Every structure is written in structure tokens, then in C-alpha cells.
Novice: 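Sharing a structure below in C-alpha cells format, with a few things to ask.
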Amino acid sequence: MNSMAVRLAAVLAGLLVVSGTRAETPPVPVTPITVDLKQALPEEIFDAIAKQAGIKFSVQNNLWDQDTMQFPIDLNVQAKPFWEVVQPLCAKLELTVQNQGGNNPKRISLQQQGRYSNRKTPAKLPQAGSNGFYVIANSFSFNQTLNYMDPDNAQGGAYIQCMVYVDPAVRVVNFMAPKVDEATDDKGNSMVPDNKGNRNMYFGGSGRERTFLYNTTIPLKRTDQTATKITKLKFTLQCRAADKYDTLAVDKLDAKSEPKAMGSTTITYQGMKKSGDANNPRYEVKISMSRDEENNDVWSLLQTAQLLDEQNRPLSYNGGGSNGGGNGYNEYTITYSGDTNRGAPVKWMIEMPTETRIIKVPVELTDLALPVN
């Protein structure tokens, strides 16, 4: 079976539980990887994976020239999800995956894994693949605060910090709070939070980047501090992903554009103002936007907008904010700065999702250690 047929089969399998408002919700794509290499160097293996996934791996500090990367290995996987191939391979080679940075949706950074001074081997972290997504638990934290003015209302909680790795074929718009379905310690106590987690909590990576890696916090409760581990933790990740995007590109930066409807959002480019000097130019782009009230996570999308020079290189994003509004209408200012490596801006562009749906990803982790007093 060729790679296109394998990819199509994985897409049609509908491997994630999906809910949406459309009559027929298409299955979420999962990137399958097939590799059969014998005595290949790590660089060759990662190149083969990257070509199938349509991404690039960037390396730090001449990684492929390091002595530890000169030992050939075998890899034989058949149509496995991208991260279920990459993560075990990284563990074997003692590598870590990082977001590349910038506004590049097709690049992942590989780095040598750091070690704590008192460990001779890398730690084995609790982790699990789930239908194209991959979750690694990094830490557990617990805090409790008692205000003597209100001793019956102690504050605090327990949390698992996780890293979520998203399949390269999925375009995440934003994450919502995870739903804790089951959590039990080795004393038989339930660690499911009483309020089932903060349903309004937002979490995720940098809004400026189309990233593959996101941080999340799993809320729990701890009632027995003699428990030594969480025997089972089941939760559901929930994110909004985009099926279709539309692009607004403006090449007359001093003029107001016509309003453009992009799904449930209408955006108008209002103009650009330059400040600073020749050595440190700054550019303020003003836009206005009207949208559905349900689509509240607009600012993170605006941060993906790019101000480009004549060689299509993006100027540095420097922040911004809302100038007020209401009833679904807001005005925004986005600030960029130039440098000696960039020319004067000639185009401003933004990509906005026009069709989105909620993806629900069930995750199960076991045997997570707890600190013992």
C-alpha cells in the first residue's frame, strides 16, 4: 500500500471522538508513518519521517555531527501515528522535541536531552499516545493554604503538568480545559476534583505560533498524603481545530481595506503607522473585527498575523491589544519592529479559520508517583 493510500485509510478510520455543529463532521486526520530501515543513522531516519509528515526537523548544536548520533539503528514501523513513532525514537536517542519558534507551522526542533546531576540515565516519564495525539506527564504539584480568618475554607489543589503533542495534520485554534474522568490513588481514594475542573480555563501554546506542542494542567484533589502514586488517571483533552482557513493579504499598507468575511468573522484592515528611527523602526497596524460572541479567542489568532518585507520575511511581533468595542465588534492594534535583517514592510496578512469543530481526545495514564511526606 503506498503512503497516500495509508494516509487515506487512517483518515477514514475516524480515530478521534469528534463533536461539531455540522450535519456530517469529517474524521480528524492522523498522520501515519511507515519506515523500514536497517542500520540507518538517526539523521536518515528522521528525514524519512519528516518527508511523510510534510514537516522539517531542525537540530541544535550540529546534533547530527555528535558522536552519539553516529551509531546506525534499525526501525520498522507500519502506519503508526506520527508521535507514536517520534517519541519512542527520541527516548532511545535521548532527544527532546521543542517548538521551533517563530510563525512556522512546518518545523519541529530536536535537542539533546538534558539530565539532572544526580541521574545517570534519563527519567522515564508517564506517557501515552491517543489517536494521533501524544501526552507526557512532567510533574505533580500540591499546595494548600489555610486562612485563619476563614479556617473552614481552605484553598489549594493538586495538579499534573503535561505536554500535549498534536498530530502535524491537525490545526489547533485553541484548547479548552481538560475533563477529568477518573483518578484514583493507591489507597483507593478518588482524586477527581469536586468541581470537575475549571470549565472556563484556557490553556495552550503561544498564540503567535502554529505549534505542535502545548502545555496543559490536569486539575485533581488529594485527600490522603500517605498515598504514593496515582494508579489510574483518565481525562479528556478538548481542543478546537480548524478544517478550513481563509487569508486576508493587504499590500496597500497605508490604505483601509474592504471588509472581508472569513467564516463567522469579518475583518477590516484600517491602516499602518510608522514610528521610531531608521535603526529601530516600529510599525503599528490597526484592524477592526466583528465576530460571533461564541468566538472569543480572537487575540491569539491575531498574533499569528504577519507583516512581511519584500523578500517575504516576517518582521518581529511586539505585542498589541484591543482598543475597545462591544457587541462582537472590537478594534485592535498590533505592533511590529524592524531590524537590519529585514527590509521595509510591503504586505500584511492573516489566516483565519472559517470552519472549526471540537475534538475530544481520551487519555489514560497509570502509575504516576506522588510525593510522600
Side-chain angles (χ1 to χ4, degrees), residues 16-17 19 83-84 87-88 90-91 96-97 113-166 174-205 213-239 358-373:
L16 293 180
V17 179
S19 64
W83 287 113
E84 292 187 30
Q87 285 295 351
C90 285
T96 59
V97 178
Q113 190 175 109
R115 294 184 182 177
Y116 291 97
S117 58
N118 61 341
R119 295 191 63 92
K120 295 183 179 180
T121 58
K124 294 183 179 180
L125 301 174
Q127 54 195 276
S130 181
N131 302 324
F133 286 62
Y134 206 88
V135 177
I136 297 180
N138 291 315
S139 65
F140 172 87
S141 61
F142 174 72
N143 63 78
Q144 196 77 34
T145 301
L146 179 64
N147 186 336
Y148 292 136
M149 297 293 291
D150 190 12
D152 295 327
N153 188 25
Q155 302 294 320
Y159 307 91
I160 295 284
Q161 300 289 339
C162 292
M163 184 68 76
V164 179
Y165 299 81
V166 178
N174 68 283
F175 274 87
M176 286 76 76
K179 177 181 178 293
V180 180
D181 303 301
E182 181 181 348
T184 308
D185 65 25
D186 56 356
K187 301 291 185 179
N189 302 300
S190 173
M191 298 182 69
V192 178
D194 295 331
N195 62 358
K196 307 298 184 185
N198 181 356
R199 305 308 305 139
N200 296 318
M201 182 177 67
Y202 167 84
F203 68 100
L213 284 67
Y214 294 84
N215 291 302
T216 184
T217 299
I218 311 301
L220 299 170
K221 70 175 180 181
R222 190 178 189 188
T223 59
D224 189 342
Q225 295 190 48
T226 67
T228 62
K229 65 180 179 180
I230 303 171
T231 55
K232 181 184 290 187
L233 173 61
K234 297 175 68 175
F235 57 93
T236 302
L237 294 173
Q238 301 181 106
C239 68
I358 300 297
I359 298 174
K360 297 184 179 181
V361 186
V363 179
E364 181 174 336
L365 300 173
T366 58
D367 296 328
L368 296 92
L370 294 171
V372 179
N373 291 338

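Keep in mind it's a predicted model, so treat the numbers as computed, not measured.
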Novice: Write down the atom of Val180, the atom of Pro219, and the distance for their closest heavy-atom approach.
Specialist: CG2-O, 3.2 Å
Novice: Between Asn138 and Ile136, is any pair of side-chain heavy atoms under 4.5 Å apart?
Specialist: yes
Novice: In Å, rounded to the nearest 0.5 Å, how long is the span from OG1 of Thr216 to CD of Gln238?
Specialist: 10.5 Å
Novice: Out of curiosity, Thr231 OG1 to Lys229 NZ, how far, rounded to the nearest 0.5 Å?
Specialist: 7.5 Å
Novice: According to salt bridge (Lys or Arg N to Asp or Glu O under 4.0 Å), who are the partners of Lys232, at least two apart in sequence or on a separate chain?
Specialist: none
Novice: Taking atom types as modelled, is there a side-chain donor on Gln127 or Tyr134 under 3.5 Å from an acceptor on the other?
Specialist: yes
Novice: Compare all side-chain heavy atoms of Val135 with those of Phe235 and state whether any distance is below 4.5 angstrom.
Specialist: yes
Novice: Taking C-beta and beyond as the side chain, do Met176 and Ile358 meet within less than 4.5 Å on heavy atoms?
Specialist: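 Yes. Closest side-chain heavy atoms under 4.5 Å.
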Novice: Please name all residues satisfying side-chain contact (heavy atoms from CB on, under 4.5 Å) with Ser141, sequence neighbours left out, ordered by chain then number.
Specialist: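 Ser141: side-chain contact (heavy atoms from CB on, under 4.5 Å) contacts with Tyr159.
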Novice: From Leu125 CG over to Leu368 CG, what is the distance, rounded to the nearest 0.5 angstrom?
Specialist: 10.0 Å
Novice: Quick one: closest heavy-atom pair of Asp185 and Lys187, and the distance?
Specialist: OD1-N, 2.9 Å
Novice: Would you call the rings of Tyr214 and Phe175 parallel, tilted or perpendicular if under 30° counts as parallel and over 60° as perpendicular?
Specialist: tilted
Novice: Considering only heavy atoms from C-beta outward, does the side chain of Phe133 approach that of Val363 to under 4.5 Å?
Specialist: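 No, too far: nothing below the 4.5 Å cut-off.
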Novice: Please round to the nearest 0.5 Å and tell me the distance separating atom CG of Asn131 and atom CG of Leu237.
Specialist: 11.0 Å
Novice: Supply the atom-to-atom distance Asp224 CG to Ser190 OG, rounded to the nearest 0.5 angstrom.
Specialist: 12.5 Å
Novice: Between Thr217 and Gln161, what is the shortest heavy-atom contact and its length?
Specialist: OG1-OE1, 3.2 Å
Novice: So, do Tyr165 and Val97 sit near enough that their side-chain heavy atoms are less than 4.5 Å apart?
Specialist: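 A side-chain contact under 4.5 Å exists here.
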Novice: Once you round to the nearest 0.5 Å, how far does CD of Glu364 lie from CD of Glu182?
Specialist: 7.0 Å
Novice: Quick one: which residue pairs count as a salt bridge (charged side-chain N to carboxylate O under 4.0 Å, His left out) with a foot in residues 134-146, not counting sequence neighbours?
Specialist: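 Applying salt bridge (charged side-chain N to carboxylate O under 4.0 Å, His left out) to every pair that reaches into residues 134-146, excluding sequence neighbours, yields nothing.
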Novice: Please report the closest heavy-atom contact between Ala137 and Cys162, naming both atoms and the distance.
Specialist: CA-SG, 3.9 Å
Novice: Do you know which of Asp367, Thr184, Leu220, Leu365 makes side chain to side chain contact (heavy atoms under 4.5 Å, CB included) with Ile230?
Specialist: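 The residue from Asp367, Thr184, Leu220, Leu365 that satisfies side chain to side chain contact (heavy atoms under 4.5 Å, CB included) with Ile230 turns out to be Leu220.
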Novice: For a 4.5 angstrom cut-off between non-hydrogen side-chain atoms, does Asn215 reach Met163?
Specialist: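 Answer yes - side chains close enough.
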Novice: Taking all heavy atoms of Gly132 and all of Trp83, pick out the closest pair and write down the distance.
Specialist: O-CD1, 3.7 Å
